[in-house]
Amino acid sequence: MYSEKVMDHFQNPRNVGEIENASGVGTVGNAKCGDIMRIYLDIDDNQIIQDCKFKTFGCGAAVATSSMATELVKGKTIEEALKVTNKAVMEALDGLPPVKVHCSLLAEEAIHAALWDYAEKHGIKIEGLSKPKSDIHEDEEDEEEY
Amino acid sequence: MYSEKVMDHFQNPRNVGEIENASGVGTVGNAKCGDIMRIYLDIDDNQIIQDCKFKTFGCGAAVATSSMATELVKGKTIEEALKVTNKAVMEALDGLPPVKVHCSLLAEEAIHAALWDYAEKHGIKIEGLSKPKSDIHEDEEDEEEY
Amino acid sequence: MSDMKTRIYLDNAATTKTSQEVVDAMLPYFTENYGNASSIYEVGQRSKEAITTAREDIAKVLGAKTEEIYFTAGGSEADNWALKAAFEAYSKKGNHIITTKIEHHAILHTCEYLEKKGAEITYLDVDENGLVNLDELQKAIRPETILISIMFANNEIGTIEPVKEIGMIAKEHGVLFHTDAVQAFGQVPIDVDEMNIDMLSSSAHKINGPKGIGFLYIRKGVKIRSFVHGGAQERKRRAGTENVPGIVGYGVAAKRAAETMEVRTAKERELRDYFIDRVLKEIPYVKLNGDPVKRLPNNINLSFRFVEGESLLIMLDMKGIAASSGSACTSGSLDPSHVLLAIGLPHEIAHGSLRLTLGEDTTKEDLDYTLEQLKEIIGKLRDLSPLYED
Amino acid sequence: MSDMKTRIYLDNAATTKTSQEVVDAMLPYFTENYGNASSIYEVGQRSKEAITTAREDIAKVLGAKTEEIYFTAGGSEADNWALKAAFEAYSKKGNHIITTKIEHHAILHTCEYLEKKGAEITYLDVDENGLVNLDELQKAIRPETILISIMFANNEIGTIEPVKEIGMIAKEHGVLFHTDAVQAFGQVPIDVDEMNIDMLSSSAHKINGPKGIGFLYIRKGVKIRSFVHGGAQERKRRAGTENVPGIVGYGVAAKRAAETMEVRTAKERELRDYFIDRVLKEIPYVKLNGDPVKRLPNNINLSFRFVEGESLLIMLDMKGIAASSGSACTSGSLDPSHVLLAIGLPHEIAHGSLRLTLGEDTTKEDLDYTLEQLKEIIGKLRDLSPLYED
Ligand SMILES: Cc1ncc(COP(=O)(O)O)c(C=O)c1O
Ligand SMILES: Cc1ncc(COP(=O)(O)O)c(C=O)c1O
Ligand code: FES
Ligand code: FES
């Protein structure tokens, strides 16, 4: 069902935990399945993500995408971090089963939420970032795609 | 499916053949399955059935009931022969599967037809014998007897 | 019936022996890899993979996509599903279905059921060889026609219908085409794309696979729904815990049938024609039913005048030969075969029909023995028959 | 999922290992006695006799008559048949069906389908242990009620419904009573007469029988018709060449389950309660779902707060333990278990549920190992969880 990469990140998730006094914290819930992800960012004065941690209540894919997403944004600028889409995370994990694609959206949205929190706290505006929803409502997949 | 007695009479049918110048001949068809039975009777002046032969185009049960019926009427008086019902034939054969009960009616009717033929030829009336139908039309079994 | 064991099995159209190879492939899925294929854990995933492999193997035989194969409990369920679900799904378009008079009861009785629900059914005639007339088919199509269901090959007389031409007509008129290929799958080459088949029914036990498993091929885009509602199995279209051993067995049987098809059917055709030739020469008052050429490789169907089918079968059985008959008495029903009547046989001749269907193990010796027995039995039964005067 | 083979199988409610005894009984019907049971010849009659024996063995377990057992492809087909055919057959009487919110999808999705066809369905609530309220049932009955369908025992939480009382109510009101006994057959004593059951669904693979075979018990006199139309099998009520090995296997499995029931379930009950006690004592924030007493002998269903089900299952799998979850992610659907919601669990707690279902081979050692692993895994997942603060 899951790729080896996913299983690796699920079994040995990178960057689990919290950052005290984080520059930005984002929590997102997935209305579809009830799962929840929280991402902590430590961003320095050059707007570079020095550290990133997460906590996730969710399925195997949710844990693995959280782990991979934190890996991908660490060391990046904010601008670069915005490009870490769910697609990028999935690719880095060698794909996800179709029914699990929505899980990867959690990671993308959680990063956006953490960045938004950072921007608000610091009174800045991040180009291309809009107020994140606290809940992911994807369109229902077409259950009749036969 | 069939009892041993049925199989015995099917494999070694008694009294197969024709009787030349028979006292009475009866042929009956079964409208339900298209099978046909012909019975020849040799009846002496005391109205005793001296000989009886048959020819049958029909299923295993039809052949076996023909054979058994001829055995049962041989040596009997006409009056006694009239009591050889399909039930009596079936009992003598240790029963028939439900779907095959109609086959045994052929034998009963063929005997009646032969007796009728005898009566007509000899200008007599046999008590309790009515003109036989040339076709057996039983009521459809109730297919929903569950 | 008799105490003698069946030694020569010539009823392969009814069902076949499950081949040892198939059984061997199934066995691990009973006691080792018994997991539920919908489960996430390892032993369940092994079941899932086995199902995927079988689906792929079957799809290949048809030139279909893997996800177009939906497993069912057999040919009857597949036929029921195709017709009932198409009738529901396309009710806005119309209520008219075209089929033939020689379909299997799984189609005909389903059609009768649908008639009670408001369907209009055209039952096409066939010619004396059992072939549908393409012109008549064409003329039968109306604006409200939603489905053409015509069998690939007939189970009694072996006639192979002009499926490719039917598919073309269906496509031209934008009508769905379903074919009951229970007798044809694995016996003759089938390509669902080339033949424009939208749905196709099949059953494993006809090709040395296990009983109780079949499939319905449903072309992508055909919008029929579930017949059995419930769990999310078979892409949510057919509920029920997957019969993993059955599916695995079907996969192996299909692959095997495809691989051996050319050699096997060439041999069968030769044996078939050898037997038919000899019977027609050596036994009087006999007729071959079905098309002599457009015919399943393993099908022999003969009518013997003055002889009744059940008696014939019992006598063959007593000689260790398993065969079947279009006759009334065998099927639990007493009606004569609707197929033999449809090709124009009179009632009493339809009544004396014999179907011999060869299998992969059938030998020339089997057929020689059968012919000798048959001659003797036919003689004996004719002597018994009031219809026969020699 | 993992490379580690499943060593401890605790998902016997999903499916069971086919017992070796069952497989051994089936084997001859693949390659020796492979005849079609509708045939007249010897090898076919052997199949027929084997089917009769299995039917008798199964009928005995239920206190039913032999001819009241109709084989199907499994529990889902039996459920579909009972509901759809009753809706058709009793349409003159009415269109109202009463069921519960905790039925299997084979019932619930069939009900949704029937709603589209004009049925009115009452879905009864259950209490926090999963039990229906008999007063509510009584009140729900209307003149146009044709069927009550309430499961014998729930597949997720193991709750056993008051079937005898339900049967009495149904009888008093002259309403048909169907029960989905897929989880109960062979696990708890059932007597269709004593319990006034008119129809009952079951599936072999839940009691160490093969997959792909089930039955619908239909009381004599209940006038429902075919679901699968076609040949004259199963007294003309269920078409399709009989799955002889499957039926034989089911017969043996049923007989075996009945014979071992007392001893087996006593052992299971003891193990079940031992495990539940220890979990409740040794792991914090955990809740037992389902009735503590009116419960299937082999069912354990627990909710762990702050933990998500799929992750839990994968981690157990990595330790060689096969289990299941009422959680979204396992079933292909993402909705949380309708059963857990119906007993009042909040969404995020329903999400962290674990079902362990014991089998005849389960040992105390298996459960001790499982408990140790579970403790560790729960700890690990709670550390990962943003909902958990220790
Ligand atoms: C209560 C219940 N009903 C119906 C079914 C369906 O049975 P099957 O999967 O054999 O069709 C199951 C099991 O899957 C079940 O647990
Ligand atoms: C042409 C045809 N269609 C349908 C069926 C039904 O298949 P099954 O008995 O496997 O359900 C059969 C065989 O019985 C058949 O020969
Ligand atoms: S199913 Fe909820 S995040 Fe994957
Ligand atoms: S079926 Fe015709 S006489 Fe028996």
Side-chain angles (χ1 to χ4, degrees), chain C residues 1-2 4-6 9 11 14-18 20 23 27 30-31 34-36 38-45 73-77 79-80 104-106 109-110 113 203 205 210-213 228-232 239-246 310 313-314 317 322 324 330-333, chain D residues 1-2 4-6 9 11 14-18 20 23 30-31 34-36 38-45 73-77 79-80 104-106 109-110 113 203 205 210-213 228-232 239-246 310 313-314 317 322-324 330-333:
Chain C
M1 186 69 39
S2 79
M4 180 180 261
K5 286 225 170 187
T6 300
Y9 183 74
D11 202 13
T15 194
T16 56
K17 178 171 168 168
T18 311
Q20 193 58 52
V23 177
L27 279 177
F30 287 109
T31 52
Y34 54 84
N36 191 310
S38 305
S39 308
I40 199 169
Y41 42 73
E42 186 265 342
V43 69
Q45 292 291 308
S76 300
E77 184 192 325
D79 283 345
N80 273 258
H104 190 269
H105 282 141
H109 288 166
T110 302
Y113 168 82
S203 193
H205 69 96
K211 294 177 175 61
I213 188 83
V228 179
H229 294 82
T241 302
E242 294 90 341
N243 177 355
V244 186
E310 194 203 83
L313 292 190
I314 302 179
D317 182 39
S324 95
T330 50
S331 59
S333 146
Chain D
M1 185 72 39
S2 80
M4 181 179 260
K5 286 226 171 185
T6 301
Y9 183 75
D11 202 13
T15 194
T16 56
K17 179 172 169 167
T18 311
Q20 193 59 51
V23 177
F30 286 110
T31 52
Y34 54 84
N36 191 309
S38 305
S39 308
I40 200 167
Y41 42 74
E42 186 266 343
V43 68
Q45 293 291 308
S76 300
E77 186 192 325
D79 283 344
N80 274 257
H104 190 269
H105 283 141
H109 288 166
T110 301
Y113 169 82
S203 193
H205 69 96
K211 295 176 175 64
I213 188 82
V228 179
H229 293 83
T241 302
E242 294 91 340
N243 176 356
V244 186
E310 192 203 85
L313 292 190
I314 302 178
D317 182 39
S324 96
T330 49
S331 60
S333 143

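So you know, we letter chains A, B, ... as the sequences are listed, proteins then strands, and number each from 1. In what follows, every heavy atom counts, from backbone to side chain, and hydrogens, waters and symmetry copies are set aside.
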Colleague: Considering non-hydrogen atoms only, spot the tightest contact between Asp317(D) and Glu42(C) and give its length.
Modeller: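 In terms of heavy atoms, the two residues are closest at OD1-N, 3.0 Å.
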Colleague: Looking at Gly240(C) and Ser76(D), what are the two nearest heavy atoms and their distance?
Modeller: CA-OG, 3.3 Å
Colleague: Please classify the contact of Phe30(C) with chain D as side chain, backbone, both or neither, using a heavy-atom distance under 4.5 Å.
Modeller: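 Both parts, backbone and side chain.
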Colleague: Select one option (side chain, backbone, both, neither) describing which atoms of Ser203(D) are under 4.5 Å from chain C's heavy atoms.
Modeller: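 Interface part for Ser203(D): neither.
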Colleague: To the nearest 0.5 Å, tell me how far His205(D) NE2 sits from Asn243(C) CG.
Modeller: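 Interatomic distance, His205(D) NE2 to Asn243(C) CG, rounded to 0.5 Å: 9.5 Å.
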Colleague: What I'd like to find out is whether the side chain of Val23(C) reaches to under 4.5 Å of the side chain of Thr31(D), using heavy atoms alone.
Modeller: yes
Colleague: Could you pull out the closest heavy-atom pair between Asp11(D) and Ser39(C), with the gap in Å?
Modeller: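 Looking at all heavy atoms of both residues, the closest pair is OD2-OG, 3.9 Å.
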Colleague: Which one, Asp79(D), Ile213(D), Val43(D), leads in non-hydrogen pairs under 4.5 Å with chain C?
Modeller: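 Of the candidates given, the most pairs with chain C belong to Val43(D).
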Colleague: Is Leu27(C) close to chain D through its backbone or its side chain, or both, or neither, when contacts mean heavy atoms under 4.5 Å?
Modeller: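 The side chain, not the backbone.
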Colleague: For chain C, find which of Gly231(D), Ala239(D), Pro210(D) contributes the most heavy-atom pairs closer than 4.5 angstrom.
Modeller: Ala239(D)
Colleague: Classify the ring geometry of Tyr9(D) against Tyr34(C): parallel below 30°, tilted from 30° to 60°, perpendicular beyond 60°.
Modeller: perpendicular
Colleague: To the closest 0.5 Å, what do you measure between OG1 (Thr15(C)) and CD (Glu242(D))?
Modeller: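 Here the interatomic distance stands at 10.0 Å.
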Colleague: For Asn80(C), is it the side chain, the backbone, both, or neither that has a heavy atom closer than 4.5 Å to a heavy atom of chain D?
Modeller: side chain
Colleague: With distance as the sole test, does His105(D) use its side chain to make a donor-acceptor pair with the main-chain N or O of Gly230(C) at under 3.5 Å?
Modeller: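 Not at all, since once roles are kept as given, no pair shorter than 3.5 Å links the two residues.
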